[in-house]
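Take a look at the structure set out below.
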Amino acid sequence: MTAGEFKAGQRQARRLDLRSGRVEMNHGAGGRAMADLVDLLFRQAFDNPLLNQANDQARFSAPQGDMVMTTDSFVISPLFFPGGNIGSLAVHGTVNDLAMGGAEPLYLSAGFILEEGLPLADLARIVEAMAAAAREAGVQIVTGDTKVVERGKGDGVFINTTGVGRVLPGIRVSGELARPGDRVLVSGTIGDHGVAVMSQRQGLAFATELLSDSAALNGLVATMAECAGPSLRVLRDPTRGGVAATLNELAHQSAVGVQLHESALPVRTEVRGACELLGLDPLTVANEGKLLAICEASVAEPLLAAMQQHPLGVNAAIIGEVIEDPLQLVRMTTAIGGERVVDWLHGEQLPRIC
Amino acid sequence: MKYVDEFRDGERARGLARALHAEADPGRHYRLMEFCGGHTHAVFRYGVPDLLPDNIELIHGPGCPVCVLPIGRLDMAIRLVEKHPEVILASYGDMLRVPGSGRRTLLQARADGADVRMVYSVSDALALARANPERQMVFFGIGFETTTPPTALGILEARRSGLENFSVFCNHVLTPAAMGAILDVPETSAETVDIDGFIGPSHVSVIIGSGAYRFCADAHHKPVVIAGFEPLDVLQSLLMLVRQLNEGRAEVENQYIRAVTPTGNERAQAIVDDVFTLRDSFEWRGLGQIPHSALGLSPDYAEFDAERRFDMAYVAAEGTKGCECPAVLRGAKKPVDCKLFATACTPENPLGSCMVSDEGACAAYFTYGRFRQDALERQQAQRQAHREAREQ
Ligand code: SF4
């Protein structure tokens with residue numbers, strides 16, 4: 001630490017009490033307090049040339065080729081969970097939505113709605129997690145906004161992130177491109193995130209070492225695109241509603257059926273045990289940091305091998321195939337050799353009582 | 001938690017299926033009831049019927065706590081929160097979506113301003129009572145013998161900590177009484193459901209012990225095999241039932257020895273005996289009034305009885321017109337026999353309790369077996385077309 005940085009740190013401690021301060025209404029009022037919050041917390045954490053232009057917009061030159069854009073709002077409780085927090089989730093979520101378009105994420109915006117009374121230390125942890133997640137994913141948070149709502153009118157913090165990215169050359173993936181005969185792959189064990197979050201919820205505090213799998217998938221997507229090129233047809237991350245909901249969506253979009261093999265599904269023993277205990281189905285539990293891919297059968301094996309070489313694809317597996325089906329159902333051969341439909345989750349996922 | 005995989009092993013499942021095919025007597029039809037909704041769910045989730053010979057028919061029983069609660073009791077809960085703004089009603093999630101009289105649900109009552117909270121356990125309800133000392137906290141207790149001990153412990157805890165704003169709307173029911181009611185219907189009645197044997201409950205039996213089903217074997221000559229919830233457990237228990245029937249035996253056997261003992265959990269039973277007392281009679285959806293089939297609070301704990309505290313009165317009520325839940329719960333009809341199944345009644349828009357709960361037969365059919373139903377419809381349409389072609 002240089003002497004200059006040390007002094008800056010001291011100034012920060014005076015103007016913004018990150019240790020014991022709390023969010024106040026004037027942190028969103030556009031005055032001095034807000035400028036301090038932006039300068040000393042957001043700008044320091046996200047630090048990049050576009051943000052440092054310090055204008056109400058970020059200016060950059062448009063790259064060649066197709067671009068993608070997406071937005072997502074994050075409202076989760078609890079704000080912190082094993083393996084991440086709302087901040088890392090807000091970056092990963094939007095980065096992954098861009099990556100699932102076969103794109104390299106470039107820039108993000110971040111909008112914060114803060115509830116009066118939120119400890120600034122919590123906000124700092126969240127912002128630091130966002131900055132770290134962005135660094136890791138190779139994207140820059142180039143513009144942002146902060147509003148404060150009265151106590152009781154928010155759940156600590158809501159975050160919206162919007163992102164733009166550039167589609168990787170030679171790649172065209174889309175939900176309607178699945179064809180009978182194609183193979184379905186998943187990048188790793190399913191259900192980890194949902195079970196990790198549920199284990200934190202009051203009343204469900206069973207002992208588990210599980211961490212959320214929240215992660216940015218753009219690196220893995222780049223590897224996959226390089227390996228499979230245009231034979232890669234569909235990418236999607238099975239977040240809410242889990243693998244079941246995502247595959248049902250895709251079956252409808254492409255007007256096909258999907259046949260899964262339960263014995264091929266990668267599920268951690270802890271997740272399976274927790275699901276068993278609670279009467280949940282790992283297929284309908286939420287994931288972060290996992291993706292489903294559909295590709296031409298001929299590239300399935302090499303693609304699988306490439307995925308398994310990547311740190312986020314070590315447990316990747318081919319879990320089924322696309323079939324012709326006028327009913328557009330997702331079916332599964334169960335572990336014991338029976339057949340069943342894998343339907344969307346109806347209503348909320350609840351632990352069983354019997 | 002390695003054990004879960006062991007009980008889903010495809011190789012062992014095929015072995016059991018082969019044995020069932022070999023040993024089931026082709027000259028006979030086996031009608032076997034899985035009493036428990038947990039089993040119904042497992043049966044469809046793993047596609048167990050696909051592995052069975054055609055002459056083994058699974059009949060789905062009433063062992064789904066949400067399903068068997070009669071509409072009149074649900075109405076009582078809805079009236080309670082509507083009449084008493086000071087009340088917070090804490091309920092298991094599924095109960096919120098079951099339609100009561102006039103298809104009104106607790107969820108609608110909540111939307112209209114009543115305070116209804118979804119909880120995962122009675123301890124959540126106790127925490128709510130502590131956090132809201134100025135309010136009246138009522139726990140909507142439902143379930144079979146598995147959920148009764150936790151409710152009893154909740155009441156004991158409320159007494160110990162002097163939690164005066166806590167009470168229980170008690171709807172805990174008894175498994176053996178319901179099995180008896182199913183078997184007691186006179187053979188001449190149109191209501192008779194032919195059952196050759198039972199797959200006995202898993203978790204319930206952990207509490208009450210395998211001895212509790214002796215009357216099925218002794219008085220009714222029906223074999224009972226207590227089974228775990230895993231698919232291999234179910235297959236193995238079916239094989240054990242087939243063997244008993246082939247050999248003319250009617251015994252209570254225990255496939256789930258890793259958890260169930262003959263006498264059950266006696267400590268849990270003692271706590272339940274202390275806090276609760278047998279009701280003279282209780283209405284079950286589908287099974288009607290069954291004597292000595294449910295628990296209420298014992299006189300010692302009457303102060304925690306929500307029915308007394310709020311003077312709640314039971315009024316019997318009719319279900320949705322056309323809903324076959326009563327017959328489905330008795331095992332007399334299959335969900336697909338209901339005209340509303342998958343047309344007007346779906347898990348998003350349930351018209352009866354059996355479509356709400358995961359353990360309900362209608363929900364299990366809809367969620368896991370819809371393609372079988374579709375295939376069936378296509379077959380029927382084809383047959384119909386053939387017939388018409390022939391008639392012309
Ligand atoms: S399908 Fe619906 S209406 Fe028909 S019996 Fe089942 S729950 Fe009742």
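These values consider heavy atoms only, across backbone and side chains, with no hydrogens, waters or symmetry-generated copies. A, B, ... follow the sequence lines: proteins, then strands. Residue 1 opens every chain.
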Inset, instruction - Kindly state each residue pair satisfying salt bridge (charged side-chain N to carboxylate O under 4.0 Å, His left out) with at least one member in residues 179-188 of chain A, sequence neighbours excluded. - result: A:D182-A:R233
Legend entry - Nearest atoms (heavy-atom pairs only) where A:R340 meets B:Y368: NH1-CE2, 3.3 Å
Inset, instruction - Select one option (side chain, backbone, both, neither) describing which atoms of B:L235 are under 4.5 Å from chain A's heavy atoms. - result: side chain
Inset, instruction - State the CG-OG1 distance between B:L51 and A:T334, to the nearest 0.5 angstrom. - result: 7.0 Å
Legend entry - Nearest heavy-atom neighbours spanning A:D343 and B:F366: OD2-CE2, 3.9 Å
Legend entry - Pairs meeting criterion salt bridge (charged side-chain N to carboxylate O under 4.0 Å, His left out) with involvement of residues 247-257 of chain A, two or more places apart: A:R236-A:E249
Inset, instruction - Indicate the atoms forming the closest heavy-atom contact of A:I336 with B:A13, along with that distance. - result: CB-CB, 3.5 Å
Inset, instruction - May I ask you to check whether over 12 heavy atoms, not counting those of B:R130, lie within 6.0 Å of atom CZ? - result: yes
Legend entry - Nearest non-hydrogen partners of A:D281 and B:R45, listed with the distance: OD1-NH2, 3.8 Å
